[in-house]
Amino acid sequence: MGRTNRKPPNYFTGQIINYALLLGVPVMIVVLWQFIGAAGYLNSSIVPTPSKVANSFAAYLKNGLLHEHFFASIGRVLSGFAIGGVAGLILGVLLGLFRKFERASVVVLGSIRPIPMVGLVPLFILWFGIGEKSKILVIAIGALWPILLNTENGIRNTDPKQLEVAKILKKNQFFILRKIILPGAVPLLVTGIRLGLSNAWRGVVAAEMIGATRGVGYMISYARELAQPSVMFVGLFIIGIVGILIDVLLFRFQKRLIRWA
Amino acid sequence: MKFHGKTFVKKLIVVLAAGSVFAAMALACSQTEKPQAPALNTATKLVVGQNQNYFPIITAHVKGFFKEEFGDRFTVEVPKFANGPAQAEALTSKQIDLGNMGDMPIVQVRANNVDIKVISYLWESPDGYYLLVNKNSGIKSPADLRGKKVGIAIGTNMHKLLFKYLGVEKIKASEVEIVNLDTAGSVSAVTEGLIDATVLAEPMRSRLLATGKVAEAASAQGYDKIVTLLYGRTEYLQQNPDIVARYLKVIDRANRWVAENVDEAVKIVADYMGTTDLEGTRQYYDTHVFKIAAGKDLVDLLKGTIAFCYSQGTITEEFKAEDLVDSSYVKAAGLE
């Protein structure tokens with residue numbers, strides 16, 4: 001009698017419990033929040049009930065503003081991520097490969113890195129105006145650092161045995177870079193990309209709070225000025241949900257891509 | 001499914017802990033505890049929010065009129081805010097007791113279930129607000145705003161005036177790019193051509209015209225009546241009616257003093273605001289009529305604003321202007 005691939009009986013039960021916890025906790029929080037808010041225990045001017053937030057969401061969806069703001073933000077994030085990603089990749093490779101370049105850059109890059117994206121917004125508006133350039137560059141800076149650092153570390157952590165073998169086999173530098181160093185850096189690089197995209201999405205809110213005309217960050221600041229906390233919450237939920245989706249999708253992509261590692 | 005065992009217990013603890021944490025956070029956010037009914041007029045402090053150049057408030061504060069009225073044991077604080085929406089945030093968290101802002105932010109705040117009453121005008125400006133445009137924008141009048149980029153402080157009198165311009169010219173708000181900029185941001189942006197237009201009051205108008213890069217495309221006349229209204233938290237008003245009435249008397253006294261001593265008042269206000277621009281401060285005064293009043297016209301004004309905000313979608317439910325206005329304090333002060 002051969003072995004079968006049937007899963008044990010408690011596997012499905014375990015899965016059900018896992019998904020129940022995954023979704024059940026947020027659902028329970030929302031239900032409790034609605035119950036407490038409807039009973040008058042929350043100041044609705046500060047914390048609107050989930051039903052109010054849902055109504056605002058529906059209204060924005062119906063009048064088309066939600067998708068207008070959402071896709072404006074997505075566009076900026078993708079543009080900023082592309083710029084920050086390429087810059088982070090190039091700089092990370094240079095820093096990883098060339099010690100002298102790393103020595104020369106460490107103080108400058110180390111001083112700039114701790115500056116939060118929010119802190120750069122007024123400066124970039126001063127330098128680049130209130131158009132798209134300043135916003136995309138703020139987002140690019142947010143995406144740059146995780147990609148740069150992870151690329152650099154990925155290259156530095158190349159297996160020394162593999163480098164030794166390549167040296168013994170008298171392979172040229174280009175071969176070593178292409179066949180050993182870069183493939184070895186892929187796991188960390190992909191992690192950097194995942195973190196960079198998350199950062200870019202988070203940065204869009206800061207970038208859009210000043211001088212924007214569209215976008216989820218603009219939607220939140222517009223709602224703030226008009227004392228519309230329910231719309232602010234809609235914006236915040238969108239940011240949170242999209243942030244989770246980005247993370248989950250990229251994590252799965254990362255797992256598939258580096259399965260061989 | 002097993003309802004016992006270590007794994008199930010662990011999971012149950014996680015679920016209960018998450019629920020408890022949220023419930024504790026929710027209760028911490030709650031601000032709806034009902035206080036026991038206190039005796040009236042026992043407050044020892046009055047915090048009054050104001051924006052820029054509010055002549056009677058600044059004058060009363062600097063000249064000591066509040067102290068003369070209330071004595072040393074009562075404190076009147078007059079924190080300054082950038083604009084109405086900034087004041088609204090302080091109001092929502094009960095950091096101010098009375099305040100002064102435009103009709104639009106007042107309606108927005110009230111629509112957000114913040115319990116306030118409008119008790120008087122502070123000022124009205126028949127002709128002190130303008131549509132200012134960069135000379136290269138191609139805008140000659142509000143009719144040319146379609147497709148243009150306009151910088152304004154969202155939720156303020158300027159925002160409402162812009163909507164009024166658009167409404168008269170049958171232009172939808174979605175056909176204009178509205179950039180949220182404060183006064184300083186709007187001034188530099190329109191001068192440099194980063195935006196095509198903005199809506200501002202004196203003395204900014206005169207300063208911008210003097211640059212030679214900006215032109216005036218329209219005033220508020222025929223479009224909107226620009227006002228700032230005096231409001232209070234209902235809780236504070238009801239608990240301290242005499243204090244509020246006396247405050248109104250002080251403001252009325254300050255209005256009369258300013259009218260009789262304009263030059264000195266201009267110096268006081270400019271100094272308080274940290275500016276040396278006496279001419280600009282004088283221009284602000286000359287384009288604003290300060291008054292204490294709460295008649296039927298105030299109710300009518302707010303009816304119009306409520307309907308307007310509803311039509312623009314900035315509020316989702318209308319409410320009665322009569323419920324928002326309380327003229328009893330002006331009457332109690334003997335000023336009606």
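So you know, we letter chains A, B, ... as the sequences are listed, proteins then strands, and number each from 1. Heavy-atom basis, side chains included; hydrogens, waters and symmetry copies ignored.
The minimum heavy-atom distance between B:N113 and A:S44, with the atom names listed, is ND2-OG, 3.5 Å. Residues A:E225 and B:I154 approach most closely at CB-O, 3.4 Å, considering heavy atoms. Across every non-hydrogen atom of B:E177 and A:T213, the tightest pair is OE1-OG1, 3.2 Å.
Counting heavy-atom neighbours within 6.0 Å of A:R224 CZ, excluding the residue itself, gives a total of 12 or less. For B:K320, the NZ atom counts as loosely surrounded, since its 6.0 Å shell holds 12 or fewer non-hydrogen atoms of other residues, nucleotides or ligands. Within 6.0 Å of OH in B:Y310 there are 12 or fewer heavy atoms belonging to other residues, nucleotides or ligands.
Heavy-atom pairs under 4.5 Å with chain B were tallied for A:S230, A:P229, A:S221, A:G129; the largest tally goes to A:P229. Looking only at heavy-atom pairs under 4.5 Å with chain B, the residue among A:I130, A:N55, A:I125 that has the most is A:I130. Of the listed residues (B:D182, B:T314, B:L181), the greatest number of heavy-atom pairs within a distance under 4.5 Å of chain A belongs to B:T314. Annotation: maximal heavy-atom pairing with chain A below 4.5 Å, among B:L194, B:V107, B:N180, B:T156, occurs at B:N180.
Looking at A:L21, the atoms closer than 4.5 Å to chain B (heavy atoms on both sides) all sit in the side chain, from C-beta outward. Only the backbone of B:S174 comes within less than 4.5 Å of a heavy atom of chain A; no side-chain atom from C-beta onward does.
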Mind running side chain to side chain contact (heavy atoms under 4.5 Å, CB included) on B:I315 and A:Q228 for me, showing each step along the way?
CA-CA 8 Å; B:I315 63 174; A:Q228 297 172 334; 5.9 Å; no
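To the nearest 0.5 Å, the span separating OG on A:S45 from CD on B:E89 amounts to 12.5 Å.
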